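Notes for the one structure printed next.
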Amino acid sequence: MKSSSVRLGVDIGGTFTDVVLEKDGAQFSTKVLTTYTAPENAIIDGMHQVCAKAEIEPAQIEQIIHGTTLATNALIERRGAKTALITTEGFRDVIEMRTESRFEQYDLNLNLPDPLLPRHMRFTVPGRVNAKGEILVDLKRADIELVVDRIAEAGFDSVAVGLIHSYLNPAHEQLVREVLLERIPGISVSISSEVSPQMREYERFNTVVANAYIKPLMASYLGRLEDRLKSEGANCRIFLMHSGGGIISIQNAADFPVRLVESGPAGGAVFAAHIAARYGLDKVLSFDMGGTTAKICLIKNQTPKTSRVFEVARTYRFKKGSGMPISIPVIDMVEIGAGGGSLAHVDLMNQIRVGPESAGSEPGPACYGRGGERPGVTDADLVLGKLDPNNFAGGSIQLHPDKSEAALMDHIGGTLDMETVEAAFGVAEVVDENMANAARVHAVENGEDLSEYTMIAFGGAAPLHAGRLCEKLGVDRLIVPPGAGVGSAIGFLRAPFSFEANRSVYMKLSDFDAGKIKTLLEELEAEATGFVRTCDEKSPILSEFKVYMRYTGQGWEIPISLTEGQAMAPDAATFQTRFEEDYTKLFGRPVAGMDVEITVWSVNATTPPEKVAPILTTNGTEAAETGGSRPLFDAASAKYLDADLIHRETMKTGQIAQGPSAVTEAETTIIVPASRQAIRQADGCIDIVTKG
């Protein structure tokens, strides 16, 4: 993507809002506490800070790219609009019945998440479309009007429309929307044939409900943000990062806010992929740990792994099926409640538990001195010597070790008869093991061996914990790039404009229709390209083609990538060969004698990726200059060691910091365990490897 000379990346997290300004290749960044009641306030504050550092005025900013957790938080906390669902008669309870899958087989008290909308907020209309898209029972306007009048009388703010098989024939959904807007002017409407035109009604209905639920909230926020930025002089175009790792216009984001649910983490994955390309790494484990959550993503061949479905608000940690499924293009990652603000407690079995509850920025961990009384991960890190209380967040936040010690003793040590240091060690080890276990599960689910991977760590808390995580996972190399504390915001500035269009059209290879396929893919390409052109009118656009295939009778499909030639001149034998190649990679062998079927077709339109110059690495030549030392608790030996303190900006290319050491900077601290050594590479990355 062609870069403007002055661009701003903004990532709103659960604890901090990260702001990065890029001016002619130079970067200026800051972290400010997230302001929950009006998130735009933190953005304005951060923008003025980085503009002052760059010695420019907000009016000189040419482009703003924004990612936010607001959509995710609204779904998790159930803070959306008063929303109604209109669906087909007989399907009113689909979002409550789910798939009837028991994700925890032997739990007699299984806790399923409640649907976003209770039964009295779900309405039905007659009319029926079959699995081929043919209208079996016509839907009359008078039938719709009866339901719409009830919705108007009840005072709903937003309506989701999800009719059976509408992904094949959207006519009935479009008619329902037409009647809604006629009889309730200005009401917010989302239809599933536009939000998620894919098979599987539970996932599709849930996705359109989620979109409708957060649409008024996000439209209000984006409108306020645009107005505030203009009033501060930043009268430039604003774009939003979407969950698939690309950028969309603010209008598209307001129409399809459900696509923003993983926007912040997606920026982090793009950032890690950019570093992987620079170092020529084909197997990378991206580790992003902020104040509220930790995100882990596999990046192969410098491309983050993607998926069509992911879950929000899981009721059981690590358990697929325990959350709210959202069916949109998304970078595939595992996200757990493990951040610097994650709170620790002792459960009924006298075990230390950490997260998913977080202190956030209000009041924050106990050490912030803002009224928090319960210990967070940051409190444990402070007691263990990982943080400097006088230089946290560039010195903008004074930490209070005495408050951390008191909170750890009150909630952990006193209950388990532990000293303060032992309690802090327990909290740190539990959160590190939670993250390591999440990484192991994610790798196993994808058939990967993490010992072959390089970790790239970023986010305010990740460099504090990444070294220990590598020890637990058997990962020999860890890279912490410059700007790691604000990595997702930098990732926004590296991302292309892109949009992925999907559609479910069922077809067996034995009934392969090349003409129908070519037309379908051309339509999807035109749809995706149209979205990208709303953001960028000049850049060339590349199209990436993908089909989802399975053996007949299987319950789920796998994604198969096609070249443009294979997509535009479809051939059954080529599709079969490509499917068997990828199926064999995943499962060891193909299945002979079975027909293959295609369920979903996808085209992703994207501007070309930013060109990356490869870096020549060095093995190090001399010791880095130290700026003193402090006691640092080494988890592997379970004792304090004397650790060198090194300022990152004073490390020169090729200089080595032997562990144990702490490499400090304004936005984070890199902890180098005793088992590792750190080398400063030419691009400023800190390259941490196992000793000898």
Side-chain angles (χ1 to χ4, degrees), residues 12 14 36 39 68-87 91-98 112-124 147-148 150-152 154-163 166 173 176-177 180-181 184 186-198 200-224 240 242-243 248 250-264 309-315 322-330:
I12 296 182
Y36 289 112
T68 175
T69 60
L70 291 178
T72 313
N73 294 344
L75 292 172
I76 292 172
E77 298 167 17
R78 306 296 175 103
R79 290 188 294 101
K82 184 179 180 182
T83 304
L85 169 65
I86 298 177
T87 188
F91 292 86
R92 182 181 182 184
D93 298 316
V94 163
I95 64 171
E96 190 161 358
M97 293 167 64
R98 300 169 60 89
L112 294 171
D114 294 326
L116 273 177
L117 306 182
R119 198 168 198 269
H120 69 274
M121 299 171 81
R122 309 194 294 256
F123 302 84
T124 62
V147 172
V148 170
R150 290 169 59 196
I151 287 173
F156 286 96
D157 301 313
S158 188
V159 180
V161 183
L163 305 181
S166 63
E173 284 193 352
V176 172
R177 176 171 59 186
L180 275 164
L181 294 175
I184 317 176
I187 194 168
S188 176
V189 183
S190 301
I191 64 174
S192 73
S193 53
E194 290 180 354
V195 174
S196 179
Q198 301 181 51
R200 297 190 174 94
E201 62 268 21
Y202 168 51
E203 287 83 357
R204 179 163 53 89
F205 289 1
N206 208 68
T207 304
V208 74
V209 165
N211 195 79
Y213 188 72
I214 60 177
K215 191 173 181 179
L217 171 79
M218 292 303 297
S220 171
Y221 163 69
L222 293 172
R224 294 198 316 271
L240 275 292
H242 64 69
S243 306
I248 54 175
I250 195 169
Q251 184 55 55
N252 290 337
D255 291 338
F256 302 105
V258 75
R259 290 211 176 205
L260 307 179
V261 169
E262 287 289 277
S263 62
V309 180
F310 73 106
E311 290 181 354
V312 177
R314 286 183 176 175
T315 54
S322 68
M324 185 191 310
I326 303 294
S327 181
I328 58 169
V330 62

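Heads up: numbering here begins at 1 and tracks the sequence. In this text the structure is predicted, and so the values were computed from the model without any measurement.
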Shortest non-hydrogen separation from [X] to [Y] and the atoms involved:
| X | Y | answer |
| --- | --- | --- |
| Pro325 | Tyr202 | CD-OH, 3.3 Å |
| Val258 | Ser243 | O-OG, 4.4 Å |
| Met324 | Leu75 | CE-O, 4.2 Å |
| Ser166 | Glu173 | OG-OE2, 2.7 Å |
| Met218 | Thr68 | CE-CG2, 4.1 Å |
| Phe310 | Glu262 | CE1-CG, 3.3 Å |

Original post:
For Arg92, which residues count as a salt bridge (charged side-chain N to carboxylate O under 4.0 Å, His left out) partner, sequence neighbours excluded?
Top reply: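 Arg92: no salt bridge (charged side-chain N to carboxylate O under 4.0 Å, His left out) contacts found.
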Subject >> Counterpart residues, salt bridge (charged side-chain N to carboxylate O under 4.0 Å, His left out), relative to Arg98 (two or more places apart) >> reply: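 Per chain and number, Arg98 pairs via salt bridge (charged side-chain N to carboxylate O under 4.0 Å, His left out) with no residue.
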**OP:** Find out whether Ile326 and Val309 are in side-chain contact, i.e. whether some heavy atom of one side chain is under 4.5 Å from a heavy atom of the other.
**Re:**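 Heavy-atom side-chain distance check fails, nothing below 4.5 Å.
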What is the distance from atom [atom1] of [X] to atom [atom2] of [Y], rounded to the nearest 0.5 Å?
| X | Y | atom1 | atom2 | result |
| --- | --- | --- | --- | --- |
| Ile191 | Arg177 | CD1 | CZ | 3.5 Å |
| Arg119 | Leu85 | CZ | CG | 11.5 Å |
| Tyr213 | Ser188 | OH | OG | 13.5 Å |
| Phe205 | Asp93 | CZ | CG | 11.5 Å |
| Gln198 | Thr207 | CD | OG1 | 8.0 Å |

Using the side chain to side chain contact (heavy atoms under 4.5 Å, CB included) criterion, which residues pair with [X]? Sequence neighbours excluded.
| X | result |
| --- | --- |
| Pro115 | Ile95, Glu96, Arg122 |
| Ala81 | Thr83, Asp157, Ser158, Pro216 |
| Ser190 | Val195, Val208, Asn211, Ala212, Lys215 |
| Arg224 | Pro39, Glu40, Ser220, Tyr221 |

Original post:
Can you tell which of Ile184, Val176, Leu181 makes a side chain to side chain contact (heavy atoms under 4.5 Å, CB included) with Val189?
Top reply: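 The residue from Ile184, Val176, Leu181 that satisfies side chain to side chain contact (heavy atoms under 4.5 Å, CB included) with Val189 turns out to be Leu181.
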**OP:** Assess whether side-chain contact (heavy atoms from CB on, under 4.5 Å) is satisfied between Leu116 and Asn206, documenting all intermediate values.
**Re:** CA-CA 8 Å; Leu116 273 177; Asn206 208 68; 5.8 Å; no
Original post:
Can you find a side-chain donor-acceptor pair between Arg204 and Ser192 that sits under 3.5 Å?
Top reply: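 Yes, a side-chain donor-acceptor pair sits under 3.5 Å.
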Subject >> Full working for side-chain contact (heavy atoms from CB on, under 4.5 Å) between Phe156 and Met121 >> reply: CA-CA 9 Å; Phe156 286 96; Met121 299 171 81; 3.5 Å; yes
Subject >> Trace of the side-chain contact (heavy atoms from CB on, under 4.5 Å) decision for Leu240 with Leu222 >> reply: CA-CA 10 Å; Leu240 275 292; Leu222 293 172; 4.0 Å; yes
**OP:** Give the intermediate values and the outcome of side-chain contact (heavy atoms from CB on, under 4.5 Å) for residues Val159 and Ile151.
**Re:** CA-CA 9 Å; Val159 180; Ile151 287 173; 4.0 Å; yes
